[in-house]
Asks: 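Would you mind keeping the following structure in view while I ask a few things?
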Amino acid sequence: MKQEFPKGEIKAIRGRSFVIKGNDIDTDRIIPARFLKCVSFSALGEQVFADDRKELKGNHPFDLDQNKGANILVVNDNFGCGSSREHAPQALMRWGIRLIVGESFAEIFFGNCLALGIPCITSSKQEINKLQNLVNQNPTQIWDFNLKELSISNEKESFKLNLEEGAYKMLYSGKWDATSQLLDEEERIKDTVNNLPYLNSFKS
Amino acid sequence: MSSGTLYDKVWNFHQVKELPGGSTQLFVGLHLIHEVTSPQAFSALNEKNLDVKFPNLTVATVDHIVPTINQQRPFSDPLAEEMLTTLEKNCKSHGIKFHGIGSNSQGVVHVMAPELGLTQPGMTVACGDSHTSTHGAFGAIAFGIGTSQVRDVLASQSLAMKKLKVRRIWVDGSLQKGVYAKDLILHIIRLLGVKGGVGFAYEFAGPAIEKLSMEGRMTICNMAIEGGARCGYINPDETTFKYLKGKEYSPKGQEWDKAINWWKSIVTDSEAKFDDEIQLDGSSIEPTVTWGITPGQGISIKEKIPNPEMLPKNEQQIAKDACKYMNLEPDKPIEGTSIDVCFIGSCTNGRLSDLQEASKIVQGHRVATGIRAFVVPGSQKVAKEAKQKGIDKIFLTAGFEWREPGCSMCLAMNSDKLEGRQISASSSNRNFKGRQGSANGRTLLMSPAMVAAAAINGKVTDVRKLLQE
């Protein structure tokens, strides 16, 4: 099933989920450097976690039949550390991931995901472990993410989640793609430039 | 909330406006671009019919994909050639200055921009590369960004950014002989963890930091990101000014004096408030080597490889993974670990002083039998100056390969790669699984002098033993 890329307000996400277990999973593992040799992101979906998948010979979560079409990833601590390469979230997004729930995220990775409209939301170690166990026990389970309530739930269970206010507001309002907002401020940008000593021969 | 720090002052100068949602529209004074993270940003710009707002504040070079052996165009790798051609076209059509292969100023973006004097105190610097934190060595606020943000900076010369907290890392004393900036930063990351800096800018200060050269300071700030900090910086001082004086893009004449006055005015106040403070003793630090798969898994050369069972609970799993992947035995000394490949280079340690220090170790010795060792200067300027000083000869005589400038095996986007299970001593910044080009290759991070010592002995060696000879 081909899913559309995120657009507009991102208030709810519904779908199946699966688990990528482990702390400090870095962007080199999410998309190895050799796949950065491209001038378009379009082919990256197939290459997500390429080396880990090769090593597991078809048994990696991104290869299992049961996970085809799933769109929620449940991860552990410091996910996405390392490089600033947007290729990593692009690869996940193009594979079909629309939401990542985890213990914590590396900062640039979090920002890159936000710029694509992919929420990265957190919960405690205990709660994430519980959620990962439930997801692993029943991979066909449909989960509902609700941004307003900051929860992910099925009919029986519900998990409270955390998201910093700025990202919350950007997703809620649909203004997570910053370009147009930044372009609104032509005059103020000029003022800033005029007040920057190093752009004005240090006159001031 | 911090106040009165360099970070606060520079932030205020560049603040365009508060955006809804608590982030700030921040003006970017210097935007550095290269071939890997910019093509999609230019495509997005073209699709939206947008111009580059301040083409004179964006500077380009090529580093990640350049071959380090034969740099004749077209490159033998058609994908690499396509990336370079795309960057050339984009720079040309948008009026951006490009420091290409034939320019004598090409190099790893974080090496070439400082040496041209492009990076100056008080600037905001952004680049689609996480090691942009390097430029903080000059008292700039510099951070890596993703490609969507590269697009934003091209279109508006600004970014939506959340203000970070500031942690001061105060380092007393001075580093012992044979202990370098690389050892200090590996030690700090070990201490605070690979995500210890998330949400923080790191201010590095104190006597041991002040004694560092600009190159050493760049090494420290370069790896702030490996500790999770989006940026790291050091207050500008006489060392900074001396480095910048006379550089191609540095202020000249009367402007120079005014610049110094402004640069002095932005340093952290003596009564500044920090969100967090940490103090350590620089003189107690030993040469440090990583044994695992994150830059935080480092130990001193005198220590044994940790037993995962003996580590805090939350570190055990990743330590078990690391031992398994690295095929290193717990409780055995790291010193003496056999290696296959030695790499001196990268934006962390590919500067002239790095090559110089390593060459002092190499002089009069031979690379051990069976070891492949190579040096990749960080930029064309580094290569030229090293040749003038005869440093290339020292390496070549000892059996090292001497290459053309680029990012090379640090992330292996060109043909410089580990093969199979090879294990390397590397002066680069990441020891992640597969980082240096082989899906199961292994990396031990250390200072360039330590890499040189490893090359000569064919195994991990305390460089101080060679210094005594």
Side-chain angles (χ1 to χ4, degrees), chain A residues 22-24 26 28-29 32-34 36-41 50-52 54-55 77-78 81-87 89-90 104 106-108 111-112 115-116 125 164-170 173 175 177-179 181-183 185 188-189 191-193 195-199 201-204, chain B residues 13-14 16-17 19-23 25 27 29 36-37 39-40 43 48 64-65 79-80 82-83 86 120 122-123 128-130 144-149 151-152 155-158 160 162 194-195 198-199 228 230 251 255 258-259 262 294 317-318 321 411-413 430 432-435 437 439:
Chain A
N23 295 337
D24 303 325
D26 59 77
D28 277 79
R29 282 175 70 188
R34 63 182 180 280
L36 270 53
K37 236 183 261 173
C38 57
V39 292
S40 148
F41 290 128
D51 290 340
D52 285 14
K54 201 173 158 202
E55 197 183 322
D77 201 30
N78 201 28
C81 59
S83 153
S84 66
R85 62 185 70 158
E86 190 172 304
H87 304 68
Q90 286 276 357
S104 73
E107 216 158 304
I108 305 181
N112 282 341
L116 299 178
K125 188 179 176 64
E164 51 126 314
E165 201 189 343
Y168 176 94
K169 284 186 181 159
M170 285 161 85
S173 62
K175 288 187 174 168
D177 175 358
T179 320
Q181 276 186 75
L182 296 173
L183 282 168
E185 293 300 338
R188 281 175 185 258
I189 289 177
D191 290 345
T192 309
V193 170
N195 288 324
L196 270 175
Y198 64 85
L199 294 182
S201 311
F202 297 95
K203 283 180 229 131
S204 65
Chain B
F13 264 106
H14 293 82
V16 176
K17 78 175 271 199
L19 293 169
S23 55
Q25 180 166 358
F27 188 80
V36 190
T37 54
Q40 302 88 349
S43 300
K48 293 186 180 194
H64 283 58
I65 50 90
L79 285 174
E82 188 191 0
M83 294 184 86
T86 306
Q120 295 167 22
M123 284 180 165
D129 187 287
S130 57
I145 55 177
T147 296
S148 293
Q149 291 176 306
R151 173 201 64 201
D152 291 348
S156 71
Q157 202 59 36
S158 58
K162 256 201 96 153
V194 285
K195 61 165 229 178
V198 172
R230 189 82 184 263
E255 252 181 55
K258 289 186 202 160
W262 186 62
T294 80
Q317 192 52 50
I318 181 109
D321 278 2
L411 88 169
M413 276 190 76
R430 288 184 177 145
F432 298 153
K433 289 181 177 179
R435 170 75 177 181

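Values in this document were obtained by computation on a predicted structure and should not be read as measured data. Both backbone and side-chain heavy atoms feed into the values below; hydrogens, waters and symmetry mates do not.
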Asks: Only pairs of heavy atoms separated by less than 4.5 Å count here; which of B/Ala80, B/Gly22, B/Gly144 has the most with chain A?
Replies: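 It is B/Gly144.
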Asks: Between A/His87, A/Lys125, A/Gln90, A/Glu55, which has the largest tally of heavy atom pairs under 4.5 Å with chain B?
Replies: A/His87
Asks: Salt bridge or not between A/Asp77 and B/Lys195? Use side-chain N to carboxylate O under 4.0 Å.
Replies: yes
Asks: Counting N and O atoms only, with roles assigned by atom type, does the side chain of A/Lys37 sit under 3.5 Å from a partner on the main chain of B/Met413, one being a donor and the other an acceptor?
Replies: yes
Asks: Quick check on A/Glu165 against chain B: is it the side chain, the backbone, both or neither that has a heavy atom closer than 4.5 Å?
Replies: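 The backbone, not the side chain.
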Asks: Once rounded to the nearest 0.5 Å, what's the spacing between atom SG of A/Cys38 and atom CG of B/Leu79?
Replies: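 Rounded to the nearest 0.5 Å, the SG-CG separation comes to 8.5 Å.
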Asks: Go through B/Ile145, B/Val194, B/Val16 and name the one with the most non-hydrogen pairs under 4.5 angstrom from chain A.
Replies: B/Val16
Asks: What distance separates B/Ser158 OG from A/Leu182 CG, expressed to the nearest 0.5 Å?
Replies: 4.5 Å
Asks: Using non-hydrogen atoms only, which part of B/Thr294 is less than 4.5 Å away from chain A: side chain, backbone, both, or neither?
Replies: side chain
Asks: Taking 4.0 angstrom as the limit, do A/Asp51 and B/Arg435 come out as a salt bridge?
Replies: no
Asks: If you tally heavy-atom pairs under 4.5 Å against chain A, which of B/Met83, B/Lys48, B/Gln149 wins?
Replies: B/Met83
Asks: Give me the one residue out of A/Asn195, A/Asp191, A/Leu196 that meets side chain to side chain contact (heavy atoms under 4.5 Å, CB included) with B/Phe27.
Replies: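 Only one of A/Asn195, A/Asp191, A/Leu196 forms a side chain to side chain contact (heavy atoms under 4.5 Å, CB included) with B/Phe27, namely A/Leu196.
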Asks: So does B/Val198 get a backbone contact from the side chain of A/Glu107, meaning a donor-acceptor N/O pair under 3.5 Å?
Replies: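 Checked: no pair found.
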Asks: Quick one: pull up CZ in A/Phe41 and OG in B/Ser43 and give me the separation to the nearest 0.5 Å.
Replies: 9.0 Å
Asks: Minimum heavy-atom separation for B/Glu255 to A/Phe202, with atom names?
Replies: O-CD1, 4.0 Å
Asks: Above 12 or not: heavy atoms from other molecules or residues under 6.0 Å from NZ of A/Lys54?
Replies: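 Counting neighbours around NZ of A/Lys54, 12 or fewer heavy atoms of other residues, nucleotides or ligands fall under 6.0 Å, so no.
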Asks: For a 4.5 angstrom cut-off between non-hydrogen side-chain atoms, does B/Phe13 reach A/Pro197?
Replies: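 B/Phe13 vs A/Pro197: side chains touch.
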Asks: Between B/Gly437, B/Gly29, B/Ala412, which residue shows the highest count of heavy-atom pairs closer than 4.5 Å to chain A?
Replies: B/Gly29
Asks: Evaluate the side-chain proximity of A/Ile108 to B/Ser130: yes if any heavy-atom separation is below 4.5 Å, no if none is.
Replies: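 Yes, at least one pair of side-chain atoms sits under 4.5 Å.
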Asks: Could you please spell out the steps behind the salt bridge (charged side-chain N to carboxylate O under 4.0 Å, His left out) verdict for B/Asp321 and A/Arg29?
Replies: CA-CA 14 Å; B/Asp321 278 2; A/Arg29 282 175 70 188; 5.6 Å; no
Asks: Under 4.5 Å from any heavy atom of chain B, what part of A/Leu199 do you find: side chain, backbone, both or neither?
Replies: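 Contact with chain B is through the side chain of A/Leu199 alone.
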Asks: Between B/Ala439, B/Ala160, B/Ser23, B/Ala259, which shows the greatest number of heavy-atom pairs under 4.5 Å with chain A?
Replies: B/Ala259
Asks: Chain A heavy atoms under 4.5 Å from B/Gln317: which part of the residue, side chain, backbone, both or neither?
Replies: neither
Asks: When you check the gap from the basic side-chain N to the acidic O, do B/Arg430 and A/Asp24 get nearer than 4.0 Å?
Replies: no
Asks: I'd like to know which of B/His64, B/Glu82, B/Met123 tops the heavy-atom pair count under 4.5 Å against chain A.
Replies: B/Met123
Asks: Please report the interatomic distance NZ(B/Lys17) to CZ(A/Arg188), rounded to the nearest 0.5 Å.
Replies: 5.5 Å
Asks: Does this structure show an ion pair linking A/Glu164 with B/Lys162, if we count only N-O contacts that are shorter than 4.0 Å?
Replies: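 So A/Glu164 pairs with B/Lys162 through a salt bridge.
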Asks: Counting only heavy atoms closer than 4.5 Å, note whether A/Ser104 contacts chain B via side chain, backbone, both or neither.
Replies: side chain
Asks: Looking only at heavy atoms and a cut-off of under 4.5 Å, which of A/Cys81, A/Ala33, A/Gly82 has the most pairs with chain B?
Replies: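 Among the listed options, the one with the most contacts to chain B is A/Gly82.
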Asks: With a 4.5 angstrom heavy-atom cut-off, could you sort out which part of B/Thr86 is near chain A: side chain, backbone, both or neither?
Replies: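 For B/Thr86, side-chain heavy atoms alone lie under 4.5 Å from chain A.
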Asks: Do the side-chain N and O atoms of A/Glu86 and B/Thr37 include a donor-acceptor pair separated by under 3.5 angstrom?
Replies: no
Asks: Rounded to the nearest 0.5 Å, what's the gap from CZ on A/Arg85 to CG on B/Asp129? Could you check?
Replies: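 Answer for the CZ-CG pair, A/Arg85 versus B/Asp129, is 9.5 Å.
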Asks: Using 0.5 Å steps for rounding, measure from the OG1 atom of A/Thr179 to the CG atom of B/Asp152.
Replies: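 The OG1 atom of A/Thr179 sits 4.0 Å away from the CG atom of B/Asp152.
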Asks: With the side chain counted from C-beta on, respond yes when A/Ile189 and B/Gln25 share a heavy-atom pair under 4.5 Å apart, and no when they do not.
Replies: yes
Asks: Need one label for B/Leu411: side chain, backbone, both or neither, based on atoms under 4.5 Å from any heavy atom in chain A.
Replies: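 It is both, since atoms from each part get that close.
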Asks: Heavy atoms only: give me the nearest A/Leu183-B/Ala155 pair and the separation to one decimal.
Replies: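 A/Leu183 and B/Ala155 have their closest heavy atoms at CD2-O, 3.3 Å.
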